[in-house]
Amino acid sequence: MDKLILIYHSLDSAEIPAVAGAFPFPFDRFKRQVQEAIDAGFRPERISRLHIDHPDKTLYVTSDDGTVDWCYNALPWCEARAIPTHTAIITGPWEATPVYPFAHIIQLVLASRERQQLESLAERLRSEYLDDAQFEYIESKYRYEDLFYRRVIKGAFNLILDRDQAFEVLGELSPDERTQLRGRFVKPEEYSGFTHAEFGVHTRSHRALDLDTRRYFDEEIQQSRQTMLDAGVPPSDYYTSPMQPRFGAQLEDLQPLLQEAGYKGVMTSNPGPWDGRDFIIPRIDAAHVERHLESLGRD
């Protein structure tokens, strides 16, 4: 039967605004989408039961990162309605010396700095750090960004430069940027007390998969899993990839390691319905839920 797997990130409401730099998705629209899916005959189900053949159409509500806006907007609302959720958590901020995801640092920088400064940064990245093949790769992966400087900055920092290079080029964060960064993620104890919420590994630092697959698996995935266990937040058997792989790497290279460790699948942000068999599981992006439900109604 049909399995509808939805993906969300930040949710914006009057009470709990979306974190700075995220693409704000209205909380009211999220609630309408979930209800419309239920009204269309989809029964909410847990990700831990994803591979079970259900007689009914099933709905899976997933989210990436674990930012405060998702946790304080969506989780209580879904819990009150017995709607299961699966939140993929970045665990670096939980460490004694917090490791904050560079992708979120870039979100803050793009939201807080002057456009002229950002355009100059993008020109420097393009001329000094990116060859033509890397630039074309960035253009293909960030084509949803209309502005050149946003594509180059996000692509260079997320998919090409290593962390040391990135901080060298980016420079120091402002006091306000540092304050906002520290407040983006909830503590592990705030994930306790839920009956219908499940949580999964989303990596330690949200960095993209690189060519050293074994090291990435050990440092980003298994270390994140252990951090969750140590914090009393049991992880699911589903790993969620944080973003597109770095230049030259492929998500498929992780599959043997994940399967050997007992993972049942890896969820991605690649758009589209899942065929119910593949280990790599695409999801329907929040922006396309209404259109997807309409297409199902026409079938």
*Asks:* A side-chain contact here means heavy atoms from C-beta on lying under 4.5 Å apart; do R283 and W274 qualify?
*Replies:*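 A side-chain contact under 4.5 Å is absent here.
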*Asks:* Contact between M267 and T62 at the side-chain level, heavy atoms closer than 4.5 Å - yes or no?
*Replies:*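 Yes, side chains in contact.
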*Asks:* Looking only at the aromatic ring of each residue, does the gap between the centers of H202 and Y238 stay below 6.0 angstrom?
*Replies:*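 No, too far apart.
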*Asks:* In terms of side-chain geometry, is the basic nitrogen of E139 or R143 positioned less than 4.0 Å from the acidic oxygen of its partner?
*Replies:*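 Not counted as a salt bridge, because no side-chain N and carboxylate O are separated by less than 4.0 Å.
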*Asks:* Are side-chain heavy atoms of V266 and F279 found at a separation under 4.5 Å?
*Replies:*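 Yes, at least one pair of side-chain atoms sits under 4.5 Å.
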*Asks:* Indicate, with yes or no, if the rings of W70 and F30 have centres closer together than 6.0 Å.
*Replies:*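 Here the rings of F30 and W70 have centres that are less than 6.0 Å from each other.
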*Asks:* For R46 versus Y60, what's the shortest heavy-atom pair and its separation?
*Replies:*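 Shortest heavy-atom separation between R46 and Y60 comes out as O-CE2, 3.2 Å.
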*Asks:* Taking the basic N atoms (NZ, or NE/NH1/NH2) and the acidic carboxylate oxygens, is any pair closer than 4.0 Å for R204 and E95?
*Replies:*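 Looking at R204 and E95, the cut-off is met.
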*Asks:* Measuring from atom CG of N73 to atom NZ of K31, what distance do you get when rounded to the nearest 0.5 angstrom?
*Replies:*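 It is 8.5 Å, given to the nearest 0.5 Å.
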*Asks:* Under the 3.5 angstrom rule, does the side chain of D285 hit a backbone N or O of A287 as a donor-acceptor pair?
*Replies:*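 Looks like yes, one N/O pair under 3.5 Å.
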*Asks:* Any salt bridge linking R43 with D56? Criterion: basic side-chain nitrogen under 4.0 Å from a carboxylate oxygen.
*Replies:*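 Counted as a salt bridge, because a side-chain N and a carboxylate O are separated by less than 4.0 Å.
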*Asks:* Is the shortest side-chain heavy-atom distance between M228 and P235 below 4.5 Å?
*Replies:*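 The answer is yes, as the side chains (C-beta and beyond) meet within the 4.5 Å cut-off.
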*Asks:* Would you mind reporting whether V34 and W77 have side-chain heavy atoms less than 4.5 Å apart?
*Replies:*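 A side-chain contact exists here, since the closest heavy-atom pair is under 4.5 Å.
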*Asks:* Side chains of L75 and E190, heavy atoms from C-beta outward: is any pair under 4.5 Å?
*Replies:*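 Answer no - side chains too far apart.
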*Asks:* If you apply the rule side chain to side chain donor-acceptor pair (under 3.5 Å), what do you find for S236 with H86, and how did you get there?
*Replies:* CA-CA 9 Å; S236 74; H86 184 273; 2.8 Å; yes
*Asks:* What is the distance from atom CD1 of I138 to atom CD of E145, rounded to the nearest 0.5 Å?
*Replies:*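 Going from the CD1 atom of I138 to the CD atom of E145 covers 12.5 Å.
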*Asks:* When you compare the side chain of F247 with that of L211, does any pair of heavy atoms fall below 4.5 Å?
*Replies:*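 The answer is no, as the side chains (C-beta and beyond) never meet within the 4.5 Å cut-off.
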*Asks:* Which atom pair, heavy atoms only, marks the closest approach of L108 to A20?
*Replies:*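 Where L108 meets A20 most closely, the heavy atoms are CD2-CB, 3.7 Å.
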*Asks:* Between E36 and R29 (salt bridge meaning N to carboxylate O under 4.0 Å), is one present in this structure?
*Replies:*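 Looking at E36 and R29, the cut-off is not met.
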*Asks:* Run the salt-bridge test on D132 and R126 with the 4.0 Å N-O cut-off and return the result as yes or no.
*Replies:*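 Result for this pair is yes, salt bridge flagged.
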*Asks:* Indicate the ring-plane relationship of F102 and F157, choosing parallel, tilted or perpendicular according to the 30° and 60° boundaries.
*Replies:*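 Ring orientation, 0 to 90° scale: tilted.
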*Asks:* State, to 0.1 Å, how close E79 and G193 come at their nearest heavy-atom pair, and which atoms those are.
*Replies:*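 Closest approach of E79 to G193, heavy atoms only: OE2-O, 4.4 Å.
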*Asks:* Working to the nearest 0.5 angstrom, can you tell me the gap between M243 CE and K154 NZ?
*Replies:*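 Reported to 0.5 Å precision, the distance equals 9.0 Å.
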*Asks:* Got a salt bridge between R214 and D218, using NZ or NE/NH1/NH2 to carboxylate O under 4.0 Å?
*Replies:*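 A salt bridge links R214 with D218.
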*Asks:* Heavy atoms only: give me the nearest P273-P282 pair and the separation to one decimal.
*Replies:*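 Nearest heavy atoms, P273 then P282: O-CG, 3.6 Å.
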*Asks:* Please confirm whether the backbone N or O of Y72 pairs with a side-chain atom of D69, one donor and one acceptor, at under 3.5 Å?
*Replies:*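 No.
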*Asks:* Working to the nearest 0.5 angstrom, can you tell me the gap between S269 OG and I284 CD1?
*Replies:*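 Going from the OG atom of S269 to the CD1 atom of I284 covers 12.0 Å.
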*Asks:* For D12 and P17, work out which heavy atoms get closest and say how close.
*Replies:*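 Looks like OD1-CA, 3.2 Å.
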*Asks:* Does NZ or CZ of K187 lie under 6.0 Å from the centre of the six-membered ring of F185, at an angle within 45° of the ring axis?
*Replies:*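 Here K187 fails the 6.0 Å and 45° test against F185.
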*Asks:* Should the pair R225 and Y263 be classed as cation-pi, given the thresholds of under 6.0 Å to the six-membered ring centre and 45° from the axis?
*Replies:*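 Pair R225/Y263 counts as cation-pi.
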*Asks:* Identify the two heavy atoms, one from L209 and one from A249, that lie closest to each other, and give their separation to 0.1 Å.
*Replies:*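 Smallest heavy-atom distance, with atoms named: O-CB, 3.6 Å.
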*Asks:* Say you draw a straight line from CZ of R178 to CD1 of I105; how long is it, rounded to the nearest 0.5 Å?
*Replies:*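 So the gap between those two atoms works out to 11.0 Å.
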*Asks:* Do P84 and P44 touch side chain to side chain, with heavy atoms closer than 4.5 Å?
*Replies:*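 Touching, per the 4.5 Å side-chain cut-off.
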*Asks:* Less than 4.0 angstrom from a charged side-chain N to a carboxylate O is my criterion; do D162 and R207 meet it?
*Replies:*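 Salt bridge flag = no for R207 with D162.
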*Asks:* In Å and rounded to the nearest 0.5 Å, what is the CG to CG distance from L125 to L161?
*Replies:*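 Answer rounded to 0.5 Å: 6.5 Å.
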*Asks:* Using the ring of F42 (Phe, Tyr or Trp, six-membered ring only), decide whether K57 places NZ or CZ under 6.0 Å from its centre and within 45 degrees of its axis.
*Replies:*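 Relative to the ring axis of F42, which defines the angle, K57 lies inside both limits.
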*Asks:* Taking the six-membered ring for Trp, are the ring centroids of H206 and Y100 within less than 6.0 Å of each other?
*Replies:*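 Between Y100 and H206, which both carry aromatic rings, the centre distance is not below 6.0 Å.
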*Asks:* Report the residues that fulfil side-chain contact (heavy atoms from CB on, under 4.5 Å) with S174, sequence neighbours left out, ordered by chain and then residue number.
*Replies:*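 With neighbours one apart ignored, the set is D176, E177.
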*Asks:* Keeping E198 on the side-chain end and I47 on the backbone end, is there a donor-acceptor pair under 3.5 Å?
*Replies:*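 Judged by distance alone, yes, a pair lies under 3.5 Å.
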